[in-house]
Amino acid sequence: IQWCRMICWHSCYQWEALLLCWSFQASWYHDTAEFVCDNFVQVWQEHLQWKYPNTDTICILCDGGGYNACSHHIVKQSLMKLASTIGVNIIMLHYPPYCSKYNPIEHCMFDPISRSWSGAPLLSIENARVWAEATTTSKGLSIVATVNQRTYDTKRPIEESYELEKSWRIVFDDELPKWNYLIGYS
């Protein structure tokens, strides 16, 4: 895996001069892999592709359970569409299930947002968005928040194209193939 010209999508830390970012996204209905990928496309098109025009690989770090579990084929299907849409390879690195305490976003972002929301009248999702965007820290954290109003279906079927393409578009890591893999964009 070529690690040059790569950006990582994860919380607010900087890691070896690579951009690490996170976007607070809210939806009206369900957190799904499609929801995550749609929001990533939005952030990519509005911010990241202009800041990093020569990027050919993105590394996404995420929890290993829930809607984005590493064992779910629908996640890989959505990520294949994401890679094709933005035209870059994606390296997926999943934390093991029940290890979210090791995820830096738990400490970096959720604590400051919780403090901003503490005592605030969160009467609507728009109000929650405004309070989240008001969050800052002394280390320079700032939040870009949007509200995604699209409705996402759950229990989507696996498409035939996924079954045909997965063998040549997904390359599993030798050491931890269940949790780490590369998805090619073409």
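No experiment lies behind these values; they were computed from the predicted model shown.
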Considering residues, nucleotides and ligands other than Y162, do more than 12 of their heavy atoms fall under 6.0 Å from its OH? yes
Is there side-chain contact between I91 and N180, with at least one heavy-atom pair below 4.5 Å? no
Side chain of N89, backbone of Y185: donor and acceptor closer than 3.5 Å? yes
What residues form a salt bridge (Lys or Arg N to Asp or Glu O under 4.0 Å) with R115, not counting sequence neighbours? none
Show your reasoning for whether side chain to side chain contact (heavy atoms under 4.5 Å, CB included) applies to R169 and S84. CA-CA 10 Å; R169 288 194 54 197; S84 295; 3.0 Å; yes
Whether the side chain of R129 engages the backbone of V147 through a donor-acceptor N/O pair (distance < 3.5 Å, no angle test) should be reported. no
Taken to the nearest 0.5 Å, the spacing of D173 CG from L93 CG works out to 8.0 Å
ring-ring contact (aromatic ring centres under 6.0 Å, His included) involving H72 - partner list, sequence neighbours excluded: none
Do the ring planes of Y181 and H94 sit parallel (below 30°), tilted (30 to 60°) or perpendicular (above 60°)? tilted
When rounded to the nearest 0.5 Å, the distance separating OG1 of T137 from CG of D111 is 11.0 Å
Would you please name every residue forming a salt bridge (Lys or Arg N to Asp or Glu O under 4.0 Å) with E159, sequence neighbours left out? K81
Would you say the side-chain atoms of K76 pair up with the backbone N or O of C70, donor to acceptor, closer than 3.5 Å? yes
Under 3.5 Å donor-acceptor, W50 side chain and Q45 backbone: yes
Does NE2 in H47 sit with more than 12 non-hydrogen atoms of other residues, nucleotides or ligands closer than 6.0 Å? yes
Take a 6.0 Å sphere around CH2 of W168 and say whether it holds more than 12 heavy atoms from other residues, nucleotides or ligands. yes
Looking at W131, is its backbone amide N or carbonyl O close enough to the side chain of W117 to form a donor-acceptor pair, meaning the two atoms are under 3.5 Å apart? no
Distance-only, no hydrogens or angles: does the S78 side chain make a donor-acceptor pair with backbone N or O of I74 under 3.5 Å? yes
Does the D153 side chain pair with the main chain of R156, one donor and one acceptor, at a distance under 3.5 Å? no
